[in-house]
Amino acid sequence: DVCSTISEISVFPPRCSNHVTLSIDILLQQLLESALDARLRALEAEGLGHNGGAAVIMDPNTGDVLACATAPRFDPNTVLADFSHLRQDKMAPLFDRTRMGRYPLGSVFKVVVALAGLDSNVLSGSTEFTCTSAFTRGNRIWKCLGSHGRLRLGQALERSCNVYFYQAGLAVGGQRLFDMAERTGLGMPTGLGLSEEAGFVPYPTSDSEVVNLSIGGGRLLVTPLQTARLMCALANGGKLPTPRLSLDQPVRMADLGIDPLKVSVVRWGMHDVVMGTFGTARKSGRVPGLTYAGKTGTANLATPGLYHAWYCGFAPFRNPKIAFAAVIERTQEY
């Protein structure tokens with residue numbers, strides 16, 4: 001119980017402090033909280049269940065955190081009166097999932113596999129692998145959700161083909177996957193300036209571990225804030241921003257050193273996730289009048305039938321103004 005470690009609360013009288021101009025867009029914050037709450041209510045109405053969720057929206061050109069929502073959450077105006085109830089709530093409303101929640105990333109990690117392969121010239125946009133619904137290595141068999149046939153990289157992202165990325169991950173190798181995950185800021189604090197969980201990027205030491213990591217499984221753990229930051233780098237062509245909550249802080253961007261044309265291959269694959277004929281988000285993710293990029297992810301859990309459901313991306317597709325990452329905890333939605 002994440003709240004059980006809080007044994008007491010202290011009250012201090014208010015005092016004036018320095019003025020801070022926040023990056024948060026209040027309208028966007030309200031919309032994000034409402035959208036997250038609405039989705040959780042819809043899951044409950046459908047009998048699918050959940051254990052809360054989180055979402056982050058950033059400006060990919062500055063690293064500004066424009067909105068961050070965690071659910072369930074508390075009312076800061078009544079937190080003192082509600083504290084005893086809040087700390088005993090099994091849904092942990094005092095826990096900020098945006099920067100403290102650690103989750104396997106599922107198929108969203110396929111963009112990292114693609115970047116690692118493109119950057120090392122092991123993969124190109126025209127690299128093909130064949131999916132026959134399953135992949136065998138030694139005495140292990142790994143499944144796919146479909147039998148996709150012969151696919152190129154962008155098509156594999158569009159359809160989120162597991163078998164393609166099993167083979168791509170093995171071709172790229174565990175070292176390159178590990179290095180690219182770290183280069184893109186996964187498994188480490190983002191520099192936000194508030195307490196954060198680091199997460200964890202495993203170093204794969206066997207083919208089996210490479211295969212699992214290639215679809216975001218195994219021991220990989222990331223936060224929604226780290227994932228939104230990764231989406232920023234895809235949105236802006238290869239620069240990883242340091243998130244900032246205060247406009248008084250400097251803008252800091254780290255160039256990943258990846259050819260923007262290679263980043264573009266991944267961007268177009270994500271475009272087709274939403275806008276393509278076979279995209280995994282084509283039915284539920286499209287927004288009338290908006291062309292944007294996305295990536296779905298379903299992270300398997302130890303409990304059969306339960307998943308962490310991810311949706312990440314950036315918008316609009318050309319000259320993106322936002323990058324986002326959202327996760328629903330322990331849902332039956334697939």
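Just so you know, these numbers use all the heavy atoms, side chains as well, and skip hydrogens, waters and symmetry mates. Note that the numbering runs from 1 along the sequence shown for the chain.
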Notebook entry, point to check: Below 4.0 angstrom, N of the basic side chain to O of the carboxylate: do Arg99 and Asp96 qualify?
Noted result: yes
Next item on the list: Measure from NZ or CZ of Arg267 to the centre of the six-membered ring of Phe317, then state whether that distance is under 6.0 Å and the direction lies within 45° of the axis.
Entry: yes
Name the atoms and distances for all side-chain donor-acceptor pairs under 3.5 Å in residues 139-150, with sequence neighbours left out.
unit_1, atom_1, unit_2, atom_2, d
Arg140, NH1, Ser208, OG, 3.2
Arg150, NE, Glu128, OE1, 3.1
Arg150, NH1, Thr130, OG1, 2.8

Notebook entry, point to check: Any idea which heavy atoms bring Thr227 and Cys312 closest together, and the distance?
Noted result: CG2-SG, 3.6 Å
Next item on the list: State plainly whether one hydrophobic cluster holds both Leu256 and Val265, where clusters connect Ile, Leu, Val, Met, Phe, Trp and Tyr through side-chain heavy atoms under 4.5 angstrom apart.
Entry: yes
Margin query: Applying the side-chain hydrogen bond (donor to acceptor under 3.5 Å, both in side chains) criterion to His50, which one of Arg39, Arg41, Glu44 satisfies it?
Written below: Glu44
Margin query: Tell me whether the rings of Tyr311 and Tyr292 are parallel (<30°), tilted (30 to 60°) or perpendicular (>60°).
Written below: perpendicular
Margin query: Donor-acceptor pair, distance only, cut-off 3.5 Å: does the side chain of Asp272 make one with the backbone of Met275?
Written below: no
Note to self: Has Arg97 got a side-chain atom pairing as donor or acceptor with Gly52's backbone, closer than 3.5 angstrom?
What the structure shows: no
Note to self: If you define the side chain from C-beta out and look only at heavy atoms, does anything of Leu177 sit under 4.5 Å from Val210?
What the structure shows: yes
Note to self: Would the distance check show the side chain of Gln167 and the main-chain N or O of Val163 forming a donor-acceptor pair, the cut-off being under 3.5 Å?
What the structure shows: yes
Note to self: When you measure from the side chain of Asn236 to the backbone of Pro60, do you find a donor-acceptor pair of N or O atoms at a distance under 3.5 Å?
What the structure shows: yes
Margin query: Let me confirm one number: the CG-CG distance from Leu32 to Leu36, rounded to the nearest 0.5 Å.
Written below: 6.5 Å
Next item on the list: Please report the closest heavy-atom contact between Pro224 and Gly101, naming both atoms and the distance.
Entry: CD-O, 3.6 Å
Item checked: Euclidean distance, Ser246 OG relative to Leu22 CG, rounded to 0.5 Å -> 7.0 Å
Item checked: Cluster check Leu230, Val273: I/L/V/M/F/W/Y, side chain < 4.5 angstrom -> no
Notebook entry, point to check: Is there a donor-acceptor contact under 3.5 Å linking the side chains of Thr296 and Thr280?
Noted result: yes
Checklist line | Whether Gln332 side chain and Leu48 backbone form a donor-acceptor pair below 3.5 Å | finding: yes
Next item on the list: May I ask you to test the Pro241-Arg252 pair for a side-chain heavy-atom distance under 4.5 Å?
Entry: no
Checklist line | Under 3.5 Å donor-acceptor, Thr331 side chain and Ile328 backbone | finding: no
Note to self: If hydrophobic clusters are built by linking Ile, Leu, Val, Met, Phe, Trp and Tyr wherever their side-chain heavy atoms come under 4.5 Å apart, do Phe314 and Val266 end up in the same one?
What the structure shows: yes
Name every donor-acceptor pair, under 3.5 Å, that has one atom in a side chain of residues 104-120 and the other anywhere in the protein, sequence neighbours excluded.
unit_1, atom_1, unit_2, atom_2, d
Ser107, OG, Lys110, NZ, 3.0
Ser107, OG, Ser160, OG, 3.4
Lys110, NZ, Ser160, O, 2.9
Lys110, NZ, Ser160, OG, 2.9
Lys110, NZ, Asn162, OD1, 2.7
Asp119, OD2, Arg183, NH1, 2.9
Ser120, OG, Ala116, O, 2.8
Ser120, OG, Gly117, O, 3.2

Note to self: Under a plain distance cut-off of 3.5 Å, with no hydrogens placed, do Asp25 and Gln29 share a side-chain donor-acceptor pair?
What the structure shows: no
Next item on the list: Check whether the ring centres of Phe129 and Phe165 lie less than 6.0 Å apart, and answer yes or no.
Entry: no
Item checked: Residue pair Ala156 / Leu151: nearest heavy atoms and the distance that separates them -> CA-CD1, 4.1 Å
Item checked: Euclidean distance, Arg102 CZ relative to Phe200 CZ, rounded to 0.5 Å -> 9.5 Å
Notebook entry, point to check: Could you go step by step and tell me if Phe324 and Met58 meet the side chain to side chain contact (heavy atoms under 4.5 Å, CB included) rule?
Noted result: CA-CA 6 Å; Phe324 63 89; Met58 294 177 62; over 6 Å; no
Margin query: Donor-acceptor check, side chain of Asn61 to backbone of Gly63, threshold 3.5 angstrom: yes or no?
Written below: no
Margin query: My understanding is that only one of Ile322, Val287, Thr291, Leu290 makes a side chain to side chain contact (heavy atoms under 4.5 Å, CB included) with Pro316; could you say which?
Written below: Leu290
Item checked: From CG (Leu240) to CD (Gln226), nearest 0.5 Å -> 10.0 Å
Margin query: For Tyr307 and Asn300: C-alpha separation, side-chain torsions, deciding distance, then whether side chain to side chain contact (heavy atoms under 4.5 Å, CB included) applies.
Written below: CA-CA 5 Å; Tyr307 312 89; Asn300 294 315; 3.1 Å; yes
Next item on the list: Assess the side chains of Arg244 and Thr62: does a donor N or O sit below 3.5 Å from an acceptor N or O?
Entry: no
Check: To the nearest 0.5 Å, what is the distance between OH (Tyr164) and CG (Leu153)?
Finding: 4.5 Å
Next item on the list: Return the minimal non-hydrogen interatomic distance between Asp255 and Gly257, and the atom names on each side.
Entry: OD1-N, 2.8 Å
Next item on the list: Considering non-hydrogen atoms only, spot the tightest contact between Ala71 and Asp37 and give its length.
Entry: CB-OD1, 3.9 Å
Item checked: Linked, directly or transitively: Val56 and Leu234 (ILVMFWY side chains, under 4.5 Å) -> no
Item checked: Pairing of Arg282 and Glu158 as salt bridge, 4.0 angstrom limit -> no
Checklist line | Nearest-0.5 Å distance, OG1 of residue Thr303 to CG of residue Leu301 | finding: 6.5 Å
Notebook entry, point to check: Under 6.0 Å from the CG atom of Asn319, do we count more than 12 heavy atoms belonging to anything else shown?
Noted result: no
Check: So, Glu329 versus Tyr103: side-chain donor-acceptor pair below 3.5 Å or not?
Finding: yes
Next item on the list: Establish whether Leu157 and Tyr166 are linked, either directly or via other cluster members, by ILVMFWY side-chain heavy-atom contacts under 4.5 Å.
Entry: yes
Note to self: Val211 vs Leu170, test: side chain to side chain contact (heavy atoms under 4.5 Å, CB included). Steps then yes/no.
What the structure shows: CA-CA 7 Å; Val211 167; Leu170 287 168; 3.9 Å; yes
Margin query: Are there over 12 heavy-atom neighbours, none belonging to Arg152, within less than 6.0 Å of that residue's CZ?
Written below: no
Next item on the list: Ignoring hydrogens and angles, state whether a donor on the side chain of Glu196 or Thr223 is under 3.5 Å from an acceptor on the partner side chain.
Entry: no
Next item on the list: Any chance you could lay out the side chain to side chain contact (heavy atoms under 4.5 Å, CB included) test for His85 and Phe83, step after step, and finish with the verdict?
Entry: CA-CA 5 Å; His85 167 72; Phe83 186 74; over 6 Å; no
Notebook entry, point to check: Minimum heavy-atom separation for Leu213 to Pro202, with atom names?
Noted result: CD2-O, 4.1 Å
